[in-house]
There are 2 protein chains.
Amino acid sequence: MKNIRKRNPSSDAAEIIHRRYYEGRPQRLAELAEAEANDTVARKIYELRKRADLTQEQLAKLVGTTTSVISRLEDADYEGHSLAMLRRIAKALNKRVELRFVNASRRTKVA
Amino acid sequence: MKNIRKRNPSSDAAEIIHRRYYEGRPQRLAELAEAEANDTVARKIYELRKRADLTQEQLAKLVGTTTSVISRLEDADYEGHSLAMLRRIAKALNKRVELRFVNASRRTKVA
DNA sequence: AGCAGATTTCGCAAAATTGCTAAAGAATTT
DNA sequence: AAATTCTTTAGCAATTTTGCGAAATCTGCT
């Protein structure tokens, strides 16, 4: 996951937050579900991978691609995700992609 | 929206259901929100367009493309949707795309 | 500082999606 | 049933995404 402004510090905000709040604290992980709804796709993938405790290389292998591809997908600036790729990632992590069209302004809360 | 088995009858299941249950019956429309969560992307787009009471041509114009593209996106067999296109459609209809990775088996209910 | 692991970036080829036109097929209206 | 509107299909070009390897950058550890 690449930070927006800084060049290439894997010590970016998301990484810091992850370490501080989630690493080794199972109860915190539950909170992620809520926060995720407002996140970018790139960050969702990043969080998903972190929660599964995988390196990009490990996820890449599961998905059937390379680390450079995973890195690109986790790049906040990248906008070119395909549903097909998102599904491949989901499948690799025993998830499934759920998609909805919701009214532009309102944010729907999830049960 | 193309049916899976029949060749090209726009009198396919979805179309029939639409006419029978939704056309001119506002209260029925609410039920769509629930059903949609389990639908394919293709059908979501179709339902979205129908609820907006638009022809493929009208939607195409709003999105900035042609009817053939819309038709393809509504084809149940088509799997090549990109997030970018889904967002263009959402934007045209004053919606936004919400995406989640959920556990493979369970279906999350929406508020 | 040095080392090993992890992530990012670059460049180009391959594959997939979109853009578009025209024509055929189907549904609706008159 | 003829006319009109709507949708699907086909083909190909243009654009975009993916695939992939190698080098560069960054992190954590000793």
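Bear in mind that the values here come from a model prediction, so they are computed numbers and not experimental data. The analysis underlying the following values was restricted to heavy atoms, covering all of them including side chains, and did not include hydrogens, waters or symmetry mates. Proteins come first, then strands; the chains are lettered A, B, ... in the order of their sequence lines, and each starts at number 1.
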In this structure, how many angstroms lie between the [atom2] atom of [N] and the [atom1] atom of [X], rounded?
X     : N      : atom1 : atom2 : result
A:Y46 : C:dA6  : OH    : P     : 14 Å
A:I45 : D:dT18 : CD1   : P     : 9 Å
B:L86 : D:dT17 : CG    : P     : 13 Å
A:E74 : D:dT18 : CD    : C1'   : 16 Å
B:Q56 : C:dC20 : CD    : P     : 16 Å
B:D77 : D:dT7  : CG    : P     : 18 Å
B:L73 : C:dT17 : CG    : P     : 11 Å
B:L59 : C:dG19 : CG    : C1'   : 15 Å

Worksheet item: Would B:R72 and B:E74 pass as an ion pair if we require N to O under 4.0 Å?
Response: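 Looking at B:E74 together with B:R72, the answer is no, because their closest N to O distance does not fall below 4.0 Å.
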Worksheet entry | Pair B:E47 + B:R49: basic N to acidic O under 4.0 Å |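 Here B:E47 does not pair with B:R49 in a salt bridge, since their nearest N and O are not under 4.0 Å apart.
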Worksheet entry | Shortest side-chain distance from B:S68, nucleotide among D:dA10, C:dG19, D:dT18 |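 Shortest atom-to-atom distance from the side chain points to D:dA10.
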If you compare every side-chain N and O of [X] against the phosphate oxygens of [N] (OP1, OP2), does one of them come in below 4.0 Å?
X     : N      : answer
B:T67 : D:dT7  : no
A:Y78 : D:dT18 : yes
B:R88 : C:dT17 : no
B:S82 : C:dA16 : no
A:R49 : C:dT7  : yes
A:K50 : C:dA6  : no

Worksheet item: What is the nucleic acid contact for B:T55, judged by heavy atoms within less than 4.0 Å: base, sugar-phosphate only, or nothing?
Response: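 Answer is sugar-phosphate: B:T55 comes under 4.0 Å of backbone atoms only.
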Worksheet item: Which comes earlier along DNA chain D counting from the 5' end, the contact point of B:R72 or that of B:E57, where each point is its nearest nucleotide?
Response: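 The residue whose closest nucleotide sits nearer the 5' end is B:E57.
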Worksheet entry | Close side-chain approach of B:L54 and B:L62, heavy atoms under 4.5 Å |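 Side chain of B:L54 against side chain of B:L62, heavy atoms only: contact under 4.5 Å found.
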Worksheet item: Do B:F101 and A:R96 have side chains that get closer than 4.5 Å, going by heavy atoms?
Response: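 Answer no - side chains too far apart.
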Practice prompt. Could you pick out which residue, A:A84 or A:V69, lies toward the 5' side of DNA chain C when each is mapped onto its nearest nucleotide?
Written response: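 Going by which nucleotide is closer to the 5' end, it is A:V69.
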Worksheet item: Quick check: are there more than 12 heavy atoms from other residues, nucleotides or ligands sitting under 6.0 Å from NZ of A:K95?
Response: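 Yes - once you tally the heavy atoms of other residues, nucleotides and ligands closer than 6.0 Å, there are more than 12.
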